[in-house]
Each structure stands twice: as structure tokens, then as C-alpha cells.
Amino acid sequence: MEDLNEVMKVRRAKLDKLAEMNVNPFAYRFERTHHAREVIARHTELENQVLRLAGRIMAVRRMGKAAFAHIMDSSDRIQIYVRLDQVGEAAYELFKLFDIGDIIGVEGTVFVTHSGEVSLLAAKVELLSKNLRPLPVVKEKIENGKAVTYDAFADTELRYRQRYVDLIVNRPVREVFIKRSQIISAMRRYLDSRGYLEVETPVLQPLYGGAAARPFTTHHNTLDLTLYLRIADELYLKRLIVGGYEGVYEISKDFRNEGIDRTHNPEFTMMELYVAYEDYHFMMNLVEEMITTLAQQINGSTKTIYQGQEIDFAAPWPRITFYDALKKYTGHDLRGKTTAELLHIGKTLHCEVEEGMNSGKILDEIMKEKVEPHFMQPTFLCDYPVELSPLAKKHRSEEGLVERFECFVAGREIANAFSELNDPIDQRKRFEAQAAMADAGDEEAHQLDEDFLRALEYGMPPTTGLGMGIDRLTMLFTDAASIRDVIFFPTMRPE
RNA sequence: GAAGGUGUAGCUCAGCUGGUAGAGCAGCGGACUUUUAAUCCGUUGGUCGUGGGUUCGAUUCCCGCCACCUUCACCA
């Protein structure tokens, strides 16, 4: 038997009183005619009509034979006015048993109070669901049209573990997740309107590929088979391009068995897009246009404030090559340098480079520490060293590079794209180089995928592919400091 | 995995150099039929994250553990 605190004991006692009054504390349904927002917006034309609203009691002010309360539905809060002489003795006795947190139904007529608040004068009140656990009480005051919050429910751990409470009580949190949903549906609209096909590929994979990361491992009993939760969708989506679809995308969870911090959650949402007969220049233009469109649709402007910094998504975004960026921010031209030279330069720059790292890793390290943080405004970083990109196509004119770009905003990567490697001979060599790295102890090296190579041997058209982190994009659009603020139920240690 | 920070009532927080705890809101009782952070009077509620240690005595000092946050590492 769980320990009940004082408030919870009182609530349980109210259940007994309700039983005596023959009231079911958990009703079956309530027919509604309106939502709160609609009533507030259209109150003049709704006058004299009988309205039926339902919602959760968020505040009560009792005054003997009358009371005001605020109820909240999915649209908004609205004040209700309950008077003994309107609802009658029995209903008023019932109303006295109502608590903050109860879900109730109200029938009544709209009116405006002396202080100008659109309210509902109750003729009937009904209990729909009794609250047995006290809600954090968050007081709101309207000042200059804005809702000022007092004693907000702020404990991050409780907010993440009991997101349902966070959502009930913290209005801005509800809005963040509405925006997240709007971002995803706007992205779907954008991609659908261009004729790309939304598809689904396996989450459980016998080999993991398409990115450099450690996987989650699981087991299928009947097949007695080790399976991995996907770290990327890439290799399956390319198989579909081989199959003849010319534009496919997937929006889904990927899983990476890595650390957790403010920009990483073990499961996260990725959008991957593959377009046949196009190259990475096409994809850069698409990303630029898609994000600008999204910003307009979601935030009504190409400009947004992220953590105090103004960010403007308006095209065109600067495009800078990998080596030019390194030169610009470190002063060193790192093209054509040997591994030893790179190691030396990395050390003089105080980067965390060490003996045994290959040139790609060293370059990557210098890039992460010295360059990427500078990319506040949307920026394309293009033409990566081949060592870092085993699935990207060789650059058409630059030796040692691949046609790849990453897109940075607020110093963070939000997208990664290539002209996809479609030469099966070259792809096999790249996999073999990865296998050598795996043998050298690199846990995140790509696995050799024979079936994928077989697919490429049948012929994949020239194709460009994109991966975009939906969580991070949502963070930008909602000014969220942590990825946990845009994921309903972030990964936590069990209580 | 490492370092730093935090953990006190349902919620938001006080609590000094050690003497076993307070406030506001919520709850409960009372007054109040246009209040809105309602107001006024009264009042309940705590194994002070957890387990040890030091001490006559620990919320307070020390150590271990747990959870969360931040930074770092791995990664996107």
C-alpha cells in the first residue's frame, strides 16, 4: 500500500462523499459544444446560447455562495462563474467537493465580468474525472496582456519524468511540442508536394550502417539472430533508389548507444531524403529552401532568436569548403599535409589530438574545436576529406575530397548530405578501409554490408542524400537549450 | 567515464560559525454572490535524497551511494 500524504487522503475521502451523493467520479462522456479559445474569441455572437465546455480546474476562488474557477482545455483557459442561485443546492454542494486538478464539464452562458474577462456563467456542473494527486499550483496573472507565472513547476527531473504534469501546468511546454508537430507536418507537406515518397525501412537490422556510432543490440528469439536498432536509415533508402523510386524520405527514430547531453538523446528523430539524378548542390538548395519555408510557416519569419542570438534563415546561406574554413579560423592551410604535420599543427592549436589518429580524425577534431562554433548563422560546410565520409562520392575535381556538406546553425550540425557514392567497386574499398579501422579498435567504423554492395552492383542512379536532425531543428525553432525540452519523454535512469 | 553544482512540506523556496525545521501557495475549518497571484481569521502537513562516520547532539561537518543539472570525453 502506497503512503498517502495528507492532501491525497483528503481527496480519497471525497470519493466516499461522492459515492454517498451517488456521483460517479469517473464519468463516461460529456458532450461539448465549444472549446475555450473559441468562446473567448467569439463571445459576442455566442451570447444567449447555451454552451457546454469541459476541462481541468486550474484555479478556484470561492466566496461562500459563489465561486470563480478557471478550467483549461486543449485550446485555452476560461473562467467559469458558479453561483448557488444558478446551479441549485445539490450541484453547489457537489461543486464544493471539486479540487484543482479535477476534470469537469460545465453548461452555461457566456458573459463578460466587470474587469472584462470573458467567462461562463454555469447553469450545470458535472464531475468527469476526480483528481487524487495534488497538482503543482502555478498561479498566473495577466499583466499587460501577458500571462505572468508564479511559482512555476520548475524541477527539471520531475518535469521530464512526469511530463504529463509538466504539460498540464506549464503552458509554454505545451506550445513547444505543438510546434514540434507543426515542423514535422510542414516538412512532410514540403517533401510530399515535390513528389517524394514517404517510406518505412527496418528499425531492426542485422548489420548497422549509414553512420559512425555504437548501436543498441538486441536478439530475435525465433531466428536466434543478433539484431541492431538502426543508427541510420541510409543504406535501406539507397536500396529503394536502386529499386527505381526517384525520391524517397523517411522520418523516424534512430538509436545510438552514446552519451547523453543537451544535444544528444539515445533515441532521436531523423529525416533522411534521397533524390535520384541530382547531386549535393541540388540538396544544398533544397535544404536552404525547405528550412526557410519552415521558418516562415512555423514562426512567421525567417528570423528567430536562439538563446539570445538572432538567427536569420533567409537564403542564401554562406557556403565554405572544409579546408577554406580551417584556414579562415586557424590561419593554417591544412591541404596536402601529412598526418605528422597535422598532428603537430593540432597540438599547437591546443586541440585534443593524439598519436595514432589518422589525418581525417585530426582534421575533424580541429574542425570541431576551432571552426564549427563560429557557424552561428546557417552555413554550409562543403567538400570533406574522403577519410571522414565512406558513403560519399569522390569530388568531381578535387583530389582526396568527397562531395559532402554539413549544415550548421548556432554552432551545431543540423544536416549532413552527400552526392551518394554509387560506384560499387569504390564502395567496397571504402568499406574495407573501415574494416581495417574496426580491426584497429574503432568501434564506430562502418560494417561491410554485402547486400548493399550487391544492390549497388545492379546500378544506382546518381543520387543525393540528406540526413536532418529533427530534434535539433525543433530546438532552434523553439529556443530550447536542451534536446530534452523537445522530446516528450527523454531517456532517463529509472526512478 | 571525469570534474563541479543541486537534492528541505504536494509545488516554489528560506534555514548563519552543529542545539532534531520555517514562509508563500496548495490542503483543512470559518467569513464572503463579479473574483482573478481574490481577500480576511484559524489550522494540518516533514525519517531535511539515502547509508555510514565524527559529536553529548547532525538538515548543517566528513565519507560512500542514488538521482538530476552543467562542463568535458564518446557522438549527431
Side-chain angles (χ1 to χ4, degrees), chain A residues 3-11 13-14 58-70 77-87 92 99-101 111-117 119 121 131-143 147-162 165-166 169-170 210-215 231-232 254-270 352 364-365 368-369 372 406-408 412-416 442-444 467-473 475 481-484 490 492-495:
Chain A
D3 275 346
L4 298 185
N5 69 39
E6 212 54 36
V7 181
M8 289 175 72
K9 282 180 190 158
V10 171
R11 301 269 162 112
K14 285 181 183 176
M58 299 304 289
V60 194
R61 294 174 291 282
R62 297 179 191 277
M63 295 168 301
K65 297 188 180 64
F68 288 91
H70 274 92
R77 288 180 183 219
I78 189 167
Q79 181 168 259
I80 62 168
Y81 184 29
V82 183
R83 294 169 55 124
L84 171 60
D85 61 9
Q86 295 283 320
V87 299
Y92 203 77
D99 292 294
I100 289 176
F111 75 106
V112 179
T113 64
H114 290 166
S115 51
E117 179 164 356
S119 307
L121 176 61
N131 169 296
L132 296 179
R133 195 174 278 270
L135 222 47
V137 177
V138 176
K139 299 248 176 182
E140 264 187 21
K141 183 184 182 178
I142 308 297
E143 249 171 28
V148 183
T149 299
Y150 295 83
D151 293 341
F153 178 51
D155 185 303
T156 44
E157 184 175 355
L158 283 181
R159 289 207 302 117
Y160 297 151
R161 288 194 194 281
Q162 300 182 40
V165 178
D166 193 25
V169 144
N170 291 328
R214 281 138 68 200
I231 59 173
D254 285 347
F255 306 85
R256 297 190 186 173
N257 208 336
E258 310 281 1
I260 297 176
D261 64 29
R262 64 200 312 211
T263 56
H264 298 86
N265 195 65
E267 58 178 289
F268 62 103
T269 302
M270 182 82 108
E352 300 205 6
D364 195 34
E365 192 60 43
K368 276 184 182 157
E369 288 185 51
E372 290 177 8
E406 289 193 342
C407 172
F408 290 86
R412 266 176 220 150
E413 182 200 333
I414 61 157
N416 179 22
D442 187 344
E443 281 186 86
E444 285 150 9
M468 181 172 277
I470 300 298
D471 311 278
R472 289 183 179 183
L473 189 65
M475 288 169 69
S482 168
I483 198 167
R484 292 173 213 109
M492 306 275 281
R493 279 210 163 80
E495 286 178 75

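Chain naming here is simple, since letters A, B, ... match the order of the sequence lines and numbering starts at 1 in each.
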Original post:
What class does the angle between the rings of F68(A) and Y81(A) fall in, given that below 30° is parallel, 30 to 60° is tilted and above 60° is perpendicular?
Top reply: parallel

Original post:
Using atom C1' of each nucleotide, how far apart are A23(B) and G15(B) to the nearest Å?
Top reply: 11 Å

Original post:
Looking at OG1 of T263(A) and CD1 of I414(A), how far apart are the two atoms once the value is rounded to the nearest 0.5 Å?
Top reply: 13.0 Å

**OP:** Look at the side chain of D261(A) against the base of C74(B) and say whether a donor-acceptor pair falls under 3.5 Å; ignore hydrogens and angles.
**Re:** yes

Original post:
If you measure from the P atom in C32(B) to the same atom in G45(B), how many Å do you get, rounded?
Top reply: 28 Å

Subject >> Whole-Å P distance, A9(B) and C41(B) >> reply: 26 Å

Original post:
Taking the side chain of V10(A) as its heavy atoms from C-beta onward, which of C69(B), U34(B), C28(B) lies nearest to it?
Top reply: C28(B)

Original post:
In terms of side-chain heavy atoms of A212(A), which of C69(B), U70(B), A76(B) is nearest?
Top reply: A76(B)

Subject >> Separation of the P atoms in A58(B) and A21(B), to the nearest angstrom >> reply: 12 Å

**OP:** Output yes when at least one side-chain N/O atom of R11(A) is less than 4.0 Å from OP1 or OP2 of G27(B), else no.
**Re:** no

Original post:
For the side chain of M63(A), counting heavy atoms from C-beta on, which of C32(B), C69(B), U12(B) is nearest?
Top reply: C32(B)

Subject >> Atom P, compared across C61(B) and G42(B): separation rounded to whole Å >> reply: 36 Å

**OP:** Between C11(B), C68(B), U34(B), spot the one nearest the side chain of H114(A), thanks.
**Re:** U34(B)

Original post:
Where the side chain of M492(A) is concerned, which of A26(B), C68(B), A38(B) is the nearest nucleotide?
Top reply: C68(B)

**OP:** With C1' as the reference atom in both, quote the distance from U17(B) to U55(B) in angstrom, rounded to an integer.
**Re:** 16 Å

Subject >> Nearest to side-chain heavy atoms of E413(A), which nucleotide of G27(B), A76(B), U70(B) >> reply: A76(B)

**OP:** Considering just the side-chain nitrogens and oxygens of R83(A), establish if one lies under 4.0 Å of OP1 or OP2 belonging to U33(B).
**Re:** no

Subject >> Atom P, compared across U60(B) and U20(B): separation rounded to whole Å >> reply: 13 Å

Original post:
Think K139(A) has a side-chain N or O under 4.0 angstrom from the OP1 or OP2 of U35(B)?
Top reply: no

Original post:
Between C68(B) and R161(A), is there an OP1 or OP2 to side-chain N/O distance shorter than 4.0 Å?
Top reply: yes

**OP:** From the options G10(B), G27(B), C32(B), select the nucleotide whose nearest atom is closest to the side chain of V137(A).
**Re:** G10(B)

Original post:
Can you tell me how far P in G7(B) sits from the matching atom in C16(B), rounded to whole Å?
Top reply: 12 Å

Original post:
Whom does G1(B) pair with, Watson-Crick or G-U wobble, provided both distances fall under 3.5 Å?
Top reply: C72(B)

Original post:
If only side-chain N and O atoms of R262(A) are considered, is one of them under 4.0 Å from the OP1 or OP2 phosphate oxygen of U71(B)?
Top reply: yes

Original post:
Of the candidate nucleotides A26(B), C68(B), U70(B), which contains the atom at the shortest distance from the side chain of E157(A)?
Top reply: C68(B)

Original post:
Between R61(A) and C25(B), does any side-chain N or O lie under 4.0 Å from OP1 or OP2?
Top reply: no

**OP:** Kindly point out which of C68(B), U34(B), G10(B) is positioned nearest to the side chain of F111(A)?
**Re:** U34(B)

**OP:** Could you check which of U33(B), A76(B), C74(B) has an atom nearest any side-chain atom of F268(A)?
**Re:** A76(B)

Subject >> Donor-acceptor pair (no angle test) under 3.5 Å: Q86(A) side chain, U33(B) base >> reply: no

Original post:
Is there side-chain contact between T269(A) and D471(A), with heavy atoms separated by less than 4.5 Å?
Top reply: yes

